[in-house]
Protein chains: 2
Amino acid sequence: MLEPKTHAPRAIKLYFEDFQPGQVREARGPTLTEREIVEFARLYDPQPFHIDAEAARQSPYGGIIASGWQTGCIAMRLMCELYLLEAASLGSPGVDEIRWTKPVRPGDTLNMKMTVLETKISRSRPNMGSVRSRWEVFNQHGELVMHMTGWGLFARRRSEDR
Amino acid sequence: MLEPKTHAPRAIKLYFEDFQPGQVREARGPTLTEREIVEFARLYDPQPFHIDAEAARQSPYGGIIASGWQTGCIAMRLMCELYLLEAASLGSPGVDEIRWTKPVRPGDTLNMKMTVLETKISRSRPNMGSVRSRWEVFNQHGELVMHMTGWGLFARRRSEDR
């Protein structure tokens with residue numbers, strides 16, 4: 001169960017320069033209940049196999065599965081807790097690829113691994129840089145349920161600190 | 001304000017064969033309040049520029065903006081209402097690209113356009129096919145705030161109906 005976070009910490013420890021290709025960060029995440037899966041999907045993805053136990057049982061999935069958007073949102077929260085909230089994050093221009101490789105079911109626990117793939121200083125705004133990273137989400141059996149690669153923008157250290 | 005949808009309709013009108021490249025569908029969506037933006041972000045993306053008005057004011061965005069994941073989730077809901085809930089949808093293997101091209105701010109109304117790009121019958125499971133589509137989200141000024149291309153799996157009509 002995710003609890004809302006009502007304030008963001010102010011201590012910035014990670015700037016663009018602190019991200020290096022090959023760095024790995026890992027996070028342990030929440031266990032999803034059927035109620036959480038259904039409540040999310042009723043708002044954002046009310047397809048039968050996400051919100052209706054009987055319809056889901058008759059679907060190729062054989063039971064309720066989580067919306068892929070929920071897995072993505074949980075991944076985002078885990079990455080906030082793991083590093084983004086202590087980073088000079090300036091948002092994201094986008095995602096290059098998402099793949100949902102295995103259904104997420106009630107009772108599954110989601111864990112994550114983030115790997116830095118590439119970093120580059122912005123040409124148009126040299127006081128910031130972008131970091132491309134791969135996010136992988138695993139269930140409690142170590143099976144990959146989702147992976148994505150995306151971009152984050154980060155402020156560079158002030159020039160006098162570099 | 002999105003209201004939860006507590007049951008899914010059962011009347012399936014759209015099968016794989018009903019999707020053709022070039023088809024366009026459009027939907028009008030919700031107007032986001034600051035409260036909705038902050039509540040979503042407290043759960044899934046609690047970065048300062050999403051949940052803290054004062055920190056957001058001092059950020060490059062100049063005020064609270066919505067998490068890109070919220071825009072994506074709203075797009076998903078709109079597409080459910082527009083066609084997925086009356087389609088023989090079998091879920092999605094993934095998304096090829098998401099770009100957040102402009103911030104979404106409190107008071108913005110999100111509208112959508114879906115364009116079918118490509119369809120192909122599954123080689124491994126010939127009773128289904130995949131449809132690649134482009135989803136575009138616009139604000140009330142007609143400015144593109146997000147676009148993505150992704151895949152959906154759909155059942156084919158039973159062979160006797162084709």
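Chain letters run A, B, ... following the sequence lines, proteins first and then strands; every chain starts at 1.
For the pair B:Lys5 and A:Asp45, the salt-bridge criterion is not met [side-chain N within less than 4.0 Å of a carboxylate O].
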Show me the donor-acceptor pairs, under 3.5 Å and distance only, between side chains in residues 142-150 of chain A and residues at least two apart or in other chains.
unit_1, atom_1, unit_2, atom_2, d
A:Glu143, OE1, A:Asn139, ND2, 2.7
A:His147, ND1, A:Arg134, NH1, 3.4

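At least one donor-acceptor pair under 3.5 Å links the side chain of A:Gln23 to the backbone N or O of A:Gln20. A donor-acceptor contact shorter than 3.5 Å is absent between the side chain of A:Ser130 and the backbone of A:Trp151. Using modelled atom types, no side-chain atom of A:Asn111 and backbone atom of A:Phe138 make a donor-acceptor pair closer than 3.5 Å.
Using a 4.5 Å cut-off between heavy atoms, B:Ser89 contacts chain A through both its backbone and its side chain. Residue B:Cys73 touches chain A through both its backbone and its side chain, counting heavy-atom pairs closer than 4.5 Å. Heavy-atom distances place no part of B:Thr101 under 4.5 Å from chain A, backbone and side chain included. Of the two parts of B:Glu3, only the backbone, made up of N, CA, C and O, holds a non-hydrogen atom closer than 4.5 Å to a non-hydrogen atom of chain A. Of the two parts of A:Pro60, only the side chain, counted from C-beta on, holds a non-hydrogen atom closer than 4.5 Å to a non-hydrogen atom of chain B.
Most heavy-atom pairs under 4.5 Å with chain B, from the set A:Gly68, A:Gly91, A:Ser59: that is A:Gly91. Of the listed residues A:Pro103, A:Gly72, A:Ala155, the one with more heavy-atom pairs under 4.5 angstrom with chain B than any other is A:Gly72. For chain B, the option among A:Met79, A:Arg42, A:Arg77 with the highest count of heavy-atom pairs below 4.5 Å is A:Arg42.
Side chain to side chain, B:Asp108 and B:Gln140 meet the donor-acceptor criterion of an N or O pair below 3.5 Å.
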